[in-house]
Chemist: 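Shown below is the structure under consideration.
It should be emphasised that the depicted structure is a prediction, and the values quoted were computed from it without experimental measurement. A, B, ... follow the sequence lines: proteins, then strands. Residue 1 opens every chain.
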Amino acid sequence: MMKEYNFHNIEPKWQDTWEAENAYRTEETSDKPKLFCLDYFPYPSGDGLHVGHCRNYIPTDVISRCYRMKGYNVLHPMGWDAFGLPAENEAIRLKRNPREITVRNTANFKRQLKLLGTSYDWEREINSSDPTYYRWTQWFFLLLYKRGLAYEKESDQWWCPTCKTVLANEQVKEGQCWRCGSTVEKKLLKQWFFRITDYADRLADDLDTVDWPERIKIMQRNWIGKSVGADVMFDVRSARDGSSHPTTIFTTRLDTIMGATFMVLAPEHPLVPRIVAEEKRSEVEAYIALSKTKTEIDRLSTEKEKTGVFTGAYAINPYSGDRIPVWIADYVLMGYGSGAIMAVPGHDGRDFAFASNYGLEIRQVISWPDVIYDATTWSDTYAEHGTLVNSGRFDGLSTEKAFEAMVADGNARGVTKAQTNYHMRDWLISRQRYWGAPIPMVHCPACGTVPVPEDQLPVLLPDVESYEPSGTGESPLAGIEDWVTTTCPVCGGPARRETDTMDGFACSSWYELRYTSPHNDNAPFDRAAVDYWLPVDLYVGGAEHAVMHLLYSRFWTKVMYDEGLVGFTEPFARLMNQGMLLSYDGQKMSKSRHNVITPDEVVEQYGADTLRLYELFMAPFEQEVAWSKEGISGAHRFLKRVWDLIQRTIEASHGSQTNAVVSGLELQINRLTRKITDDVEKFKFNTAVAAFMEYLNFLSDAVRADETVLASSLWQMSAKQLLVLLAPFVPHLTEELWHEYGYRTSVHAEPWPTWDESKCLEEEVEIAVQVNGKVRGSILVPANATDEEMGTLALAQEFVTRYTDGHVVKRIVAIRGKIVNIVVQ
RNA sequence: GCCGAAGUGGCGGAACUGGCAGACGCAGCAGACUCAAAAUCUGCCGGGGUAACACCCGUGUGGGUUCAAUUCCCUCCUUCGGCACCA
């Protein structure tokens with residue numbers, strides 16, 4: 001009587017065994033090659049994992065298991081990004097302490113991850129909200145401060161009224177909070193920033209050195225937004241008293257400067273009150289007031305009308321000498337460049353729209369061979385490069401040449417200098433919230449703002465009765481008087497602690513390093529361990545962190561490199577993004593839609609091995625796909641068929657050996673081994689699973705034809721090799737069958753099978769025969785047949801002569817192992 | 001508006017470097033087993049056409065290169081993702 005595939009017994013049994021034997025502990029020191037295989041740092045939400053989250057945990061587990069079998073020392077750790085807004089918001093909603101919530105949630109996540117049969121080294125588990133961890137997050141803050149990369153500044157910042165805190169630019173998507181979706185507002189507050197803009201060039205350039213999806217690199221480059229141009233000084237004359245105010249504008253198109261017919265200042269530009277004409281004053285002030293409210297309310301309207309007001313003042317164009325009017329308009333932003341532009345309506349769409357609205361002069365300064373200039377039909381499509389006209393001594397130069405000549409010319413006269421600007425702003429890291437690492441700074445009335453000395457870290461997050469955000473722009477910590485009150489580390493006098501906490505993204509900017517030495521009490525990490533393990537060889541997670549975590553983390557790494565703490569400049573050598581897993585209704589899985597599928601329910605019905613196999617099989621790794629309730633049964637059927645066939649194979653192994661031969665078996669097992677090895681390397685798990693299925697179909701057909709093959713030696717060997725290849729994909733089923741064979745050691749400790757390339761070749765191949773590109777039949781030829789032999793054999797076929805008789809054969813194309821094409825007439 | 005990715009059977013998808021489009025799986029249809037159902041096993045399964053062959057059409061659209069195009073080039077359409085007045 002054959003045993004049934006009882007995954008309910010098998011899976012917990014092996015999970016307990018592996019845990020008891022500490023089967024997946026990472027070796028501390030080793031001569032083996034290393035692989036650091038890392039999942040994104042998860043925030044342990046109270047909802048737990050759904051099957052969509054498994055879409056990255058399963059593949060990284062397959063990779064880790066596979067590389068262990070290949071003889072690598074593998075670091076595959078897991079920990080919790082527990083600090084931050086999401087955890088705190090959940091705690092507030094449940095009216096529970098965030099610390100309690102975190103303990104409960106991480107336990108549940110861990111249970112679910114174990115349920116999947118993952119092979120994490122749990123001895124290296126970390127938690128960003130633990131003082132032994134955030135002590136070092138604070139230590140890095142001090143490092144940044146010491147290097148002049150952390151500073152305080154009062155400015156208008158994005159404020160989320162629901163989360164009651166400020167947000168960094170990267171954390172505002174289409175005018176909404178990245179976490180809760182509320183429309184954000186501007187609020188004037190004193191805030192801590194990290195000077196990430198100092199690293200803009202390196203952050204952009206070093207993208208060329210990493211193996212990441214091109215899409216993510218492009219998003220980062222766009223975000224950094226490097227633009228090369230020039231600063232030019234325009235002399236603005238006050239309309240009030242005629243006084244001179246040299247004012248810088250930034251342009252990437254210096255070559256068009258002879259076409260600058262007016263100048264525009266941002267409404268907030270500090271020069272405005274000093275130059276505005278008396279009779280324009282009320283109109284200008286009204287516009288400034290209006291634009292302040294407008295940016296908040298109308299941010300999302302797509303095609304905003306370009307509006308502005310004339311200040312009454314004029315400026316001198318330093319190249320043409322023209323006297324041009326100075327306007328203010330809200331399409332010029334104070335936060336970029338110098339908050340002032342030269343407007344070239346002839347060759348810029350925005351300036352053109354503005355000039356058209358207010359009847360300002362439009363002048364052509366670039367010409368193209370096939371374009372006739374006509375002021376009435378002029379449009380923003382003519383911003384491309386060409387040849388200069390109406391530009392005096394620069395006429396006839398190409399735009400590129402003119403740019404250089406004009407920089408040199410202006411440079412000599414002291415009005416122009418080459419300049420590069422960036423879209424990216426400094427990273428705002430203060431949060432007016434409780435659940436984060438306290439910023440380790442002290443405000444002393446005598447000494448000013450001073451850092452907490454390293455030996456006094458961590459600045460512990462105090463227990464607090466109410467951790468609800470106040471909404472006043474102050475953190476809940478500000479209300480804890482005996483925590484806030486402290487002594488100044490410099491003068492010993494009374495002082496007050498900084499009450500803001502750090503953005504949760506600070507915690508995740510260095511966590512990968514902590515895994516190499518998670519219990520180190522003397523430093524954030526052991527240098528030797530980091531030198532061995534880093535950079536991360538394979539980093540896997542969703543695409544949603546393209547310009548947040550991944551940018552911040554790269555920045556911290558470069559700072560550490562500059563400080564001499566690490567020997568590399570990029571933390572993640574290879575990055576992969578898994579596709580989103582939609583629910584069976586094609587919608588995103590969410591509690592509110594009631595369409596969440598949990599691994600718990602799937603494991604209960606089909607087992608973890610089936611879940612793993614199905615998630616790997618359902619679509620290419622990077623592609624979005626919808627869950628199919630029926631589809632998973634195919635994966636389960638496959639595993640039952642493997643189970644049954646191996647059971648029969650084991651049974652047959654107890655009898656006497658036969659000499660039965662399965663034609664092509666050696667070819668198939670060698671090809672399968674090669675295919676699985678390649679596909680795992682390339683993250684093509686779906687085709688790897690398909691290859692297993694094809695192989696099983698091949699074996700099934702062979703057994704049906706002749707049952708005695710089960711007891712042949714090649715069959716026995718091939719069946720075992722199938723188990724070993726399948727082990728990283730379905731660890732429990734393979735382990736059970738491996739032990740049923742009588743082995744006492746784990747299948748996961750087996751060496752990864754190799755293949756013989758010469759045995760992957762067939763002796764005879766079937767190739768298609770075409771006449772004039774249409775398939776008319778196929779022939780069987782020796783694999784080493786020459787082009788002539790293939791052509792001759794093809795021409796002799798009845799299905800070919802039918803088309804060639806009465807025609808002239810012009811050409812025969814023969815491609816070895818593929819096709820013969822006979823071209824007639 | 002700009003940047004990027006992608007369009008293949010009823011569905012998820014496969015196709016090396018240009019070489020027989022639809023591997024593998026799901027669903028469906030027919031049959032075997034069964035009193036019956038489930039499970040399992042076997043066969044069929046892009047469209048037209050045929051008694052069955054033959055044959056014709058077919059990878060979003062229209063063109064091009066080639067002996068040969070899902071694959072390369074150009075045009076357009078659609079969907080998804082990112083950025084959104086960055087001078």
Chemist: Can you measure Asn222(A) atom CG to C83(B) atom C1' for me and round it to whole angstrom units?
Modeler: 7 Å
Chemist: Using a 4.5 Å cut-off on heavy atoms from C-beta on, say whether the side chain of Gln668(A) contacts that of Leu672(A).
Modeler: no
Chemist: Hey, what's the ring geometry for Phe621(A) with Phe683(A), parallel, tilted or perpendicular (30° and 60° as the breaks)?
Modeler: perpendicular
Chemist: Can a salt bridge be assigned to the pair Glu4(A) and Lys640(A) using a cut-off of 4.0 Å between side-chain N and carboxylate O?
Modeler: no
Chemist: With Lys306(A) as the cation and Phe354(A) as the aromatic partner, state whether NZ or CZ is under 6.0 Å from the six-membered ring centre and within 45° of the axis.
Modeler: no
Chemist: Distance check, P atoms only: G60(B) and U71(B), in whole angstrom units.
Modeler: 8 Å
Chemist: At 4.0 Å (heavy atoms only), tell me whether Val332(A) reaches a base, stays on the sugar-phosphate, or touches nothing.
Modeler: base
Chemist: C1' atom, C2(B) versus G49(B): distance in rounded Å?
Modeler: 50 Å
Chemist: Who does U42(B) pair with, Watson-Crick or G-U, both distances under 3.5 Å?
Modeler: A30(B)
Chemist: Do NZ/NE/NH1/NH2 and the carboxylate oxygens of Asp351(A) and Arg253(A) come within less than 4.0 Å?
Modeler: no
Chemist: Take atom P in G63(B) and the same atom in C76(B), then report the distance between them in whole Å.
Modeler: 16 Å
Chemist: Which whole-number value in Å describes the distance from His545(A) NE2 to G81(B) C1'?
Modeler: 16 Å
Chemist: Report yes if at least one side-chain N or O of Ser633(A) is closer than 4.0 Å to OP1 or OP2 of C26(B); otherwise report no.
Modeler: no
Chemist: To the side chain of Arg704(A), which of C67(B), U40(B), U42(B) is closest?
Modeler: U42(B)
Chemist: Is there any side chain to side chain donor-acceptor pair (under 3.5 Å) pair reaching into residues 611-630 of chain A, and which pairs are they, with sequence neighbours excluded?
Modeler: Asp61(A)-Arg612(A)
Chemist: Report which part of the nucleic acid Lys684(A) touches: base, sugar-phosphate, or nothing (heavy-atom distance under 4.0 Å, all strands).
Modeler: sugar-phosphate
Chemist: Do any side-chain nitrogens or oxygens of Arg221(A) fall under 4.0 Å of OP1 or OP2 in G4(B)?
Modeler: no
Chemist: Taking the same atom, P, in C56(B) and in U65(B), what whole-Å distance lies between them?
Modeler: 23 Å
Chemist: If you check every side-chain atom of Arg811(A), which of A87(B), A39(B), C67(B) has the closest atom?
Modeler: C67(B)
Chemist: With rounding to whole Å, what would you report as the distance between G47(B) and G58(B) at their C1' atoms?
Modeler: 7 Å
Chemist: At less than 4.0 Å, is any side-chain N or O atom of Lys774(A) found next to OP1 or OP2 of C57(B)? Yes or no.
Modeler: yes
Chemist: Let's test this: given Watson-Crick or G-U wobble pairing with both distances under 3.5 Å, identify the partner of C2(B).
Modeler: G82(B)
Chemist: Has Tyr803(A) got a side-chain N or O lying under 4.0 Å from the OP1 or OP2 atom of C55(B)?
Modeler: yes
Chemist: Who does G22(B) pair with, Watson-Crick or G-U, both distances under 3.5 Å?
Modeler: none
Chemist: Using atom NZ of Lys810(A) as one end and atom C1' of U66(B) as the other, report the distance to the nearest whole Å.
Modeler: 13 Å
Chemist: Using a 90° cut-off around 0 for syn, call G28(B) syn or anti.
Modeler: anti
Chemist: Would you mind checking if Lys217(A) and Asp211(A) are paired as a salt bridge, meaning a charged N to carboxylate O distance below 4.0 Å?
Modeler: no
Chemist: Which base, if any, makes a Watson-Crick or G-U wobble pair with A54(B), both distances under 3.5 Å?
Modeler: none
Chemist: To the nearest angstrom, how far is His636(A) atom NE2 from A38(B) atom C1'?
Modeler: 14 Å
Chemist: Just how far, in rounded Å, is P of G81(B) from CZ of Arg215(A)?
Modeler: 12 Å
Chemist: Quick one, give me the B/S/- string for nucleotides 17-24 of chain B, reading 5' to 3', where B means a protein heavy atom under 4.0 Å from the base and S means that only happens at the primed atoms, P, OP1 or OP2.
Modeler: --BB--BB
Chemist: Could you say whether Ile218(A) or Gly335(A) is positioned toward the 5' end of RNA chain B, judged by the nucleotide with the nearest heavy atom to each?
Modeler: Ile218(A)
Chemist: Could you tell me whether Arg816(A) contacts a base, only the sugar-phosphate backbone, or nothing, with contacts defined as non-hydrogen atoms closer than 4.0 Å?
Modeler: nothing
Chemist: Just the rounded figure in Å: distance from C1' of C11(B) to CG of Leu582(A).
Modeler: 15 Å
Chemist: Rounded off to whole Å, could you give me the CE-to-C1' distance for the Met580(A) and A5(B) pair?
Modeler: 14 Å
Chemist: Does NZ or CZ of Arg776(A) come closer than 6.0 Å to the centre of the six-membered ring of Tyr803(A), within 45° of the ring's axis?
Modeler: yes
Chemist: Return the value, rounded to whole Å, for the distance between atom CG of Asn577(A) and atom P of A6(B).
Modeler: 14 Å
Chemist: In whole angstrom, give me the gap between the C1' atoms of U78(B) and U59(B).
Modeler: 16 Å
Chemist: For nucleotides C26(B) and A32(B), find the distance between their C1' atoms and express it as a whole number of Å.
Modeler: 22 Å
Chemist: With the threshold set at 4.0 Å, does a side-chain nitrogen-carboxylate oxygen contact exist between Asp701(A) and Arg704(A)?
Modeler: yes
Chemist: Indicate yes or no: does Lys759(A) engage Glu757(A) in a salt bridge with an N to O separation below 4.0 Å.
Modeler: no
Chemist: Taking atom C1' in both G18(B) and C67(B), what distance in whole Å separates the two?
Modeler: 12 Å
Chemist: Counting only side-chain N and O atoms of Arg637(A), is one of them less than 4.0 Å from OP1 or OP2 of A27(B)?
Modeler: yes
